[in-house]
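Just so it is clear: chains get the letters A, B, ... in the order the sequence lines come, proteins before strands, and each one is counted from 1.
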Number of protein chains: 2
Amino acid sequence: MADKDNSVNIKKAPAKAERAYHHGDLRAAVIAAGLKRLAEDAGGELGLRALARDVGVSATALYRHFPDKEALLDALAEEGLRRLGALQAQAWLKAGGGRAGFKATGIAYVRFAHDEPALFRLSFTRQMPDRKTEEAGDGGEVAYNLLRAGVGEVFPDAESADAAALHAWALVHGLAMLILDRRVTWSEAMVERVVGLTFGGVD
Amino acid sequence: MADKDNSVNIKKAPAKAERAYHHGDLRAAVIAAGLKRLAEDAGGELGLRALARDVGVSATALYRHFPDKEALLDALAEEGLRRLGALQAQAWLKAGGGRAGFKATGIAYVRFAHDEPALFRLSFTRQMPDRKTEEAGDGGEVAYNLLRAGVGEVFPDAESADAAALHAWALVHGLAMLILDRRVTWSEAMVERVVGLTFGGVD
DNA sequence: CGCCATATGTTTCCATCGTAAACATCACAA
DNA sequence: TTGTGATGTTTACGATGGAAACATATGGCG
């Protein structure tokens, strides 16, 4: 019995859950508006009032769908992780898996951060203390599975697999954060070179 | 009189400004209080009012020393970078330089983030669009020099030095961020193992 | 010594924020 | 038809960052 579907159906029919009362699937509309704001306004705070205005509804209406602002941000963060995972999976497939595929997922990670800075930041800044073990996919699931698979490809030595996985993750995450915080300026070539040092230099 | 003794001497040369009027070097006191709050209250916002209350002064008094809140945070961020650099330099020396020293600076980086999460985050989140080329040391200067030196030790191959330097930085920065954001749980051993993969496994 | 410009701190005020509470409105089931 | 529960609105509150007007001490200059 799902009271919320996994992916954010922005335009299409809301299946059966969340029927249209006054607005017609406000929850999804709010999330869509939030993502748009994050994408356009990379800087600046995401305020409830502005968000509600975008959707054409008054501020406190959002509280019928989210207990508080944190919950709304959590929803946006989860969607961000889902998108990141999708992009990585796509990159992995396009490169045909293996070492090259692993490297491609790493590059996709950094590229996503560069293309959607606010969403990326939100997705990782949000801390989930002990989120009641949301039985539904955590969103970052896909990314994690790809990471393990890729590590298996590049470092068949099982002993150091854990450290290697963390190494790879930390590398791309750090590169992404340094780019977002303007400590390093984005460049396709640069990312490829740096990521290649760990992920295997196959081209 | 324990108000100006801190190592918070922002301006290397007080020259002529900032003598004691009413309060006696409020600027330094505010920065010290801000650092303390960041250290204790790791979470939560750093509000002007609370900060002013800590120092025993009324909120808008801070505006005599900082144009706005951003500037105050910038000052705190700079102090954070300075401390990080100092810790790294100390680690480098204690390890006797070389490969082991380089690795030590990497570990010190992650440890600093773990020990002072809010300050670390602040230091790197603050973006300096084009800070008028603050003639005074940028604060991160020490860290940068150590990075270059360390890379020279580990990767004498000059051709890939740039990529290697970025690689090392991204690794420790990413590890730090993942720990702060609770994606990875801190462990001395783990950090040593992961950092060792890039910084040279000398123990 | 006396005066005053200036650096410093205080009071008051305002727009904005998140959000709780009371109220209004709509769809549908009995 | 009427009631019931889900949804949206209005109003109100406390806290925020910040501007403006006011108060006060300091030190230079006569």
Can a side chain N or O of A:H65 be found less than 4.0 Å away from OP1 or OP2 on D:dA6?
no
C:dT11 base / B:T60 side chain donor-acceptor hit below 3.5 Å:
yes
Rounded interatomic separation in angstrom, taking CG from A:L62 and C1' from C:dG18
11 Å
Atom CZ of A:R49 to atom C1' of C:dG18: distance rounded to whole Å?
7 Å
Can you tell me how far P of C:dT16 sits from CD of A:E45, to the nearest Å?
16 Å
Figure out the CG/P separation between B:L72 and D:dT16, and round it to whole Å.
15 Å
How long is the gap from CE on B:M177 to CG on A:L180, to the nearest 0.5 Å?
9.5 Å
Can you check the A:K69 NZ to C:dT16 P distance for me, whole Å?
16 Å
Over how many whole Å does the gap from A:R27 atom CZ to D:dG8 atom C1' extend?
17 Å
Taking the nucleotide of DNA chain C with the nearest heavy atom to each, does A:G47 or B:A61 sit closer to the 5' end?
B:A61
Nearest-angstrom distance from the residue atom OH of B:Y63 to P of C:dT10:
15 Å
If you assign B:A59 and A:L48 each to the DNA chain C nucleotide with the nearest heavy atom, which residue ends up on the more 5' nucleotide?
B:A59
In residues 112-120 of chain A, what donor-acceptor pairs under 3.5 Å come from side-chain atoms, sequence neighbours left out?
none

Do B:F124 and B:L84 have side-chain heavy atoms sitting under 4.5 Å apart?
yes
Less than 4.5 Å apart, side chain to side chain, heavy atoms only: is that true for B:V194 and B:L171?
yes
Separation of atom CZ in B:R53 from atom P in D:dT16, rounded to whole Å
7 Å
